[in-house]
Every structure is written in C-alpha cells, then in structure tokens.
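First the structure, in the form of structure tokens, and then the observations on it.
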Amino acid sequence: MRDPILTTVKKFLAKHIHSDQPLLLGFSGGPDSLALLHLLHQCHCNLHLAHVDHGWRPESAKEAQDLRNRSLGYPFHLHRLEGAPAKEDVARQERLKFFRNLYDQFGCQALVLGHQANDQSETVLKRIFEGASLGALGGIREVTHFEGMRILRPLLEIEKRDLEVWVEKKRLTPVYDRTNLDPTYLRGRM
C-alpha cells in the first residue's frame, strides 16, 4: 500500500539532504514531531532527538522521560527550562539556543522540525494579530537558516489532520500539550 506522507518526506529528503551527517529533530512528542520521527526512521536517517521541557505543566517531566523511552534508540537530548517565564518568545529563543548547541556539537547538517500546513495559517494569523508589517506576513518556508543553522520542514505540504490519522493508523501515542489550547497564549487563543 502506498503511503503518500512517506512519499512526500522521501522526496523532500532527496531534494535537501546530501550527506550522512546527522539530522537534529526538534521532538516535542506531539502528533507532528512523532510522525516525523517515525517517517525519518523509515527513511533510515541518522538522527539526534532534541526535546525541550518548558516546565509549564506538572506532568511535563514525566512525559519527557516517556519520550526518551520511545526514541527508537536514537540519541535523546533533554533540556528543561528551569524557572523560565511562561512567555512564548522567550521559550522559543531558549529552544533555538539549545538546538544550536546540539547542532554544532554533533556536526548536524540540519535541524528538522514538524511544522505542517496548518502551522502556515496559524503563523500568518499570529503575525497579523501581533501587528506585523505587510512585508513580515509571509508564512513558514521549507528551508530557512538561523545563525548559520539550516532548518528543514518536510511536512509543510501535509495537513495536520492527515498526520493525526497517520499517527492513529500506526498506533502511536502522541503527547498533547494542553498549553497549546490555553488562551493565556496567543497561539491558544487562535
């Protein structure tokens, strides 16, 4: 049986991966990054997993350990934000700093993130609500760079619901972070 999501990821990798240097996967354990882990595993990628525990929920430390146990044998790197303020932009900067350190330490060719098609709409909406100028309203791109770190997003063509169905069919159990629905955060309000 043909797997269109796997086919999409394989085509993306063929276009953007040109060596056997490791890929660093930003791994939250949610449906998107969980699907991406298993898709990259099926593509026989050399991976390191990077998980950031924001410490915003009491159960997050236990979830992080559970994710370590489900990392398919890949190196799993955990960073807990101790005493970090519950601000999205600060947490994002901390994540990128952690990812960048691992990227350099292991000579990775790219950071791979599980952003999918619905994240495109969310990003544009968020930028509008934040008052971004017209030139800053663009969506997420498949390939970007941050301070010399190449960032790849192989799932941008795939709808979130399709990824959730894929995860269900594979009998995988994602972590659902309830702060994503918390109206305290702009993302949750949207």
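All residue numbers in this chain count up from 1 along the given sequence. Computed from a prediction, not measured in an experiment: that's the story for all the values here.
Between Arg70 and Leu67 there is a side-chain heavy-atom pair separated by less than 4.5 Å. Taking 4.5 Å as the limit, some side-chain heavy atom of Leu111 sits within range of a side-chain heavy atom of Leu113. Looking at Arg95 and His54, their side chains come closer than 4.5 Å, going by heavy atoms from C-beta outward. The closest side-chain heavy-atom distance from His145 to Ile151 is not below 4.5 Å. Inter-residue side-chain proximity for Gln21 and Phe106 is flagged as unmet; no heavy-atom pair is nearer than 4.5 Å. In this structure the side chain of Leu78 reaches within 4.5 angstrom of the side chain of Phe76, judged on heavy atoms.
Closest non-hydrogen pair, Leu156 versus Glu142, comes out as CD1-N, 3.6 Å. In plain terms, the two heavy atoms of Val9 and Cys43 that are nearest each other are CG1-SG, 4.3 Å. Summarising the geometry of Leu47 relative to Leu49, their closest heavy-atom pair is CB-CD1, 4.1 Å, with the distance given to 0.1 Å. When all heavy atoms are compared, the tightest approach of Gly30 to Pro174 is C-CB, 3.8 Å. For the pair Pro154 and Thr8, the tightest heavy-atom approach, listed with the atom from each and the gap, is O-CG2, 4.2 Å. The two residues Pro22 and Gly107 have their closest heavy-atom pair at CD-O, 3.8 Å.
Side-chain contact, Arg68 with His51: no donor N or O sits under 3.5 Å from an acceptor N or O.
In terms of the side-chain hydrogen bond (donor to acceptor under 3.5 Å, both in side chains) criterion, residue partners of Glu164 (sequence neighbours excluded) are, by chain and number, Arg161. Considering only residues two or more places apart in sequence or on other chains, His38 meets the side chain to side chain contact (heavy atoms under 4.5 Å, CB included) condition with Leu34, Leu72, Trp166, Leu172. Checked against side chain to side chain contact (heavy atoms under 4.5 Å, CB included), Ser33 has the following partners two or more places apart in sequence or in another chain: Phe27, Ser28.
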Exercise for the section: Decide side-chain contact (heavy atoms from CB on, under 4.5 Å) for His16 and Arg150; before the verdict, give the C-alpha distance in whole Å, the side-chain angles of both, and the deciding distance to 0.1 Å. Expected result: CA-CA 10 Å; His16 297 289; Arg150 191 164 70 121; 4.2 Å; yes
Exercise for the section: Decide side-chain contact (heavy atoms from CB on, under 4.5 Å) for Tyr74 and Leu25; before the verdict, give the C-alpha distance in whole Å, the side-chain angles of both, and the deciding distance to 0.1 Å. Expected result: CA-CA 10 Å; Tyr74 293 109; Leu25 172 62; over 6 Å; no
Practice task
Decide side-chain contact (heavy atoms from CB on, under 4.5 Å) for Val167 and Asp32; before the verdict, give the C-alpha distance in whole Å, the side-chain angles of both, and the deciding distance to 0.1 Å.
Solution key: CA-CA 9 Å; Val167 165; Asp32 309 338; over 6 Å; no
Problem - Verdict with supporting geometry, Lys62 and Asp66, salt bridge (charged side-chain N to carboxylate O under 4.0 Å, His left out) - result: CA-CA 6 Å; Lys62 183 183 179 311; Asp66 182 46; 5.9 Å; no
Practice task
Evaluate the criterion side-chain contact (heavy atoms from CB on, under 4.5 Å) for residue pair Glu63 and Arg57; output intermediate values, then yes/no.
Solution key: CA-CA 10 Å; Glu63 289 170 352; Arg57 299 174 294 114; 2.6 Å; yes
Exercise for the section: Might you work through the side chain to side chain donor-acceptor pair (under 3.5 Å) test for Arg153 and Thr144, ending with a clear yes or no? Expected result: CA-CA 9 Å; Arg153 295 174 178 92; Thr144 57; 3.0 Å; yes
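Note that NE2 of His115 is 13.0 Å distant from CZ of Arg141, once rounded to the nearest 0.5 Å. Rounding to the nearest 0.5 Å places CG of Asp89 at 11.0 Å from CD of Glu94. Rounding to the nearest 0.5 Å gives a distance of 8.0 Å between CG of Leu37 and OG of Ser71. Between Lys10 atom NZ and Leu40 atom CG the span is 12.0 Å, to the nearest 0.5 Å. A distance of 8.5 Å separates CD1 in Ile5 from NZ in Lys169, rounded to the nearest 0.5 Å. Rounded to the nearest 0.5 Å, atoms CZ (Phe98) and CD (Gln93) are 15.5 Å apart.
Ring geometry, His77 versus His48: the interplanar angle falls under 30°, so the pair is classed parallel (tilted spans 30 to 60°).
For the side-chain contact (heavy atoms from CB on, under 4.5 Å) with Glu159, the qualifying choice from Asp162, Leu163, Leu155 is Asp162, the only one to do so.
Tracing side-chain contacts under 4.5 Å through hydrophobic residues (I, L, V, M, F, W, Y), one reaches Val143 starting from Leu23; they form part of the same cluster. Side-chain heavy atoms closer than 4.5 Å link hydrophobic residues (I, L, V, M, F, W, Y) into clusters, and following such links, possibly through other members, connects Val52 to Phe146.
At least one donor-acceptor pair under 3.5 Å links the side chain of Asn118 to the backbone N or O of Lys160.
Within a 6.0 Å radius of CZ in Arg80, more than 12 heavy atoms belonging to other residues, nucleotides or ligands are found.
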